[in-house]
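The structure under discussion appears below in the form of C-alpha cells.
Values below: every heavy atom of this structure, side chains too, minus hydrogens, waters and symmetry copies.
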Amino acid sequence: MRIAVYPGSFDPITNGHMDIITRASSVFDIVIVAVVKNPGKNPLFTMEERVKMIEKASVHLGNIKVKSFSGLLVDFVKIEKAQVIIRGLRAISDFENEFQMALMNKNLYRHAETFFLASHTDYAFLSSSMVKEVASFGGDVQAYVPSAVWEQLKIKYR
C-alpha cells in the first residue's frame, strides 16, 4: 500500500491544493491530507472547519483521508505508516525552502521520500493568503476555491 501525506495549513484550501490532491490520488493508493496546526499563524478557519471543507471538496476522490496534527511532520508520517511526503511547487522561489525541508525530513526519517508536484499553470499564482485578502475586500474568489470554501468565506467576511 503506497501511502502519501500532503501537509499544509490549508487556510483555506484552494483549487491549486485540490489540483495537487487530485493528481496525487492517481499516483498513490491513499493520500492523507494533513492539516497542520502552525503556532506561527493565526488562521481564519478553525482546524475543524478546514478539515470539513477539505472532506467536502475531496468527497469525489475515493482514496483521500483528511486528518489534523501538530508537531513534527515526520512523526505524523511514521504514525500513519506513510512512505511519501507530497509538496506542491508554484514557482522556482518555492523550491529552495521546500528542498531544505525535504532534506531535513529525510535526515529525521530516512524511510520517507519527498514527492514534488509542480503546480498547474492555472494555479501558479494562487495562495490561501491571497484568496483571504481578496475575499476580505469583497472580491470574488469563487473561481479559485472549492464551492464549500466559497460558502464559508462569504460567511466569514459578511
Let me have the donor-acceptor pairs involving side chains of residues 58-65, under 3.5 Å, with sequence neighbours excluded, atom names and distances please.
residue, atom, partner, partner atom, Å
S58, OG, I54, O, 2.7
H60, ND1, A57, O, 3.3
N63, ND2, S25, O, 2.9
N63, ND2, F28, O, 3.0
N63, ND2, D29, O, 3.2

Using every non-hydrogen atom in the two residues, find where P7 and R87 come nearest and quote the distance to one decimal.
O-NH1, 3.1 Å
Are any non-hydrogen side-chain atoms of M53 and F10 less than 4.5 angstrom apart?
no
Set of residues satisfying salt bridge (Lys or Arg N to Asp or Glu O under 4.0 Å) with respect to D94, sequence neighbours excluded
R90
Taking only residues two or more places apart in sequence or in another chain, which ones pass salt bridge (Lys or Arg N to Asp or Glu O under 4.0 Å) with E133?
none
More than 12 heavy atoms from other groups under 6.0 Å of CG on N42:
no
Below 4.5 Å, heavy atoms only, C-beta onward: do M130 and F125 meet side chain to side chain?
yes
Other members of the hydrophobic cluster containing M101, with the 4.5 Å side-chain heavy-atom rule, please.
none
Linking Ile, Leu, Val, Met, Phe, Trp and Tyr by side-chain heavy atoms under 4.5 Å, what else ends up with V36?
M1, I3, V5, I30, I32, F69, L72, L73, V74, F76, V77, I85, M104, L108, Y109
In the hydrophobic clustering (ILVMFWY, side-chain contacts below 4.5 Å, transitive), which residues join I155, or is it alone?
none
Work out which heavy atom in G88 is nearest to a heavy atom in Y6; give both atom names and the distance.
N-CE1, 4.3 Å
Look at the side chain of N107 and the backbone N and O of L103, then say whether any donor-acceptor pair between them is shorter than 3.5 Å.
yes
If you count heavy atoms of other groups shown closer than 6.0 angstrom to NZ of K52, is the number above 12?
no
Show which residues join I79 in its hydrophobic cluster (side-chain heavy-atom contacts under 4.5 Å, direct or indirect), or state none.
none
Run the side chain to side chain contact (heavy atoms under 4.5 Å, CB included) test on E55 and V51 for me, step by step, so that the C-alpha distance in whole Å, both residues' side-chain angles and the decisive distance to 0.1 Å come before the verdict.
CA-CA 6 Å; E55 287 173 342; V51 167; 3.6 Å; yes
Please walk me through it: do L153 and L44 pass side chain to side chain contact (heavy atoms under 4.5 Å, CB included)?
CA-CA 9 Å; L153 283 168; L44 175 64; 4.0 Å; yes
Less than 4.5 Å apart, side chain to side chain, heavy atoms only: is that true for T114 and V84?
no
Do P12 and K132 touch side chain to side chain, with heavy atoms closer than 4.5 Å?
yes
Can you check whether V27's main-chain N or O pairs, donor with acceptor, with R2's side chain at less than 3.5 Å?
yes
Could you report the tightest heavy-atom contact between L126 and N15, atom names first, then the distance?
CD2-N, 4.2 Å
What's the separation between atom CE in M47 and atom NZ in K37, rounded to the nearest 0.5 Å?
6.5 Å
Roughly how far, to the nearest 0.5 Å, is OG of S119 from CG of L89?
9.0 Å
Salt bridge (Lys or Arg N to Asp or Glu O under 4.0 Å) partners of K156, counting only residues at least two apart
E49
K67 meets the salt bridge (Lys or Arg N to Asp or Glu O under 4.0 Å) criterion, sequence neighbours left out, with E80
Just to verify, what does L117 make a side-chain contact (heavy atoms from CB on, under 4.5 Å) with, not counting sequence neighbours?
I20, R23, A24, I86, F115
Tell me the closest heavy-atom pair linking S9 and K41, and the distance in Å.
OG-NZ, 3.4 Å
List, one per line, each side-chain donor-acceptor pair under 3.5 Å for residues 139-152, sequence neighbours excluded.
residue, atom, partner, partner atom, Å
D140, OD1, Q142, N, 2.9
E151, OE1, K154, NZ, 3.4
E151, OE2, K154, NZ, 3.3

Which value, rounded to the nearest 0.5 Å, describes the distance between S128 atom OG and F45 atom CZ?
9.5 Å
Any ring pair (Phe, Tyr, Trp, His ring centres under 6.0 Å) pairs touching residues 78-98, not counting sequence neighbours?
F95-F99, F95-F116
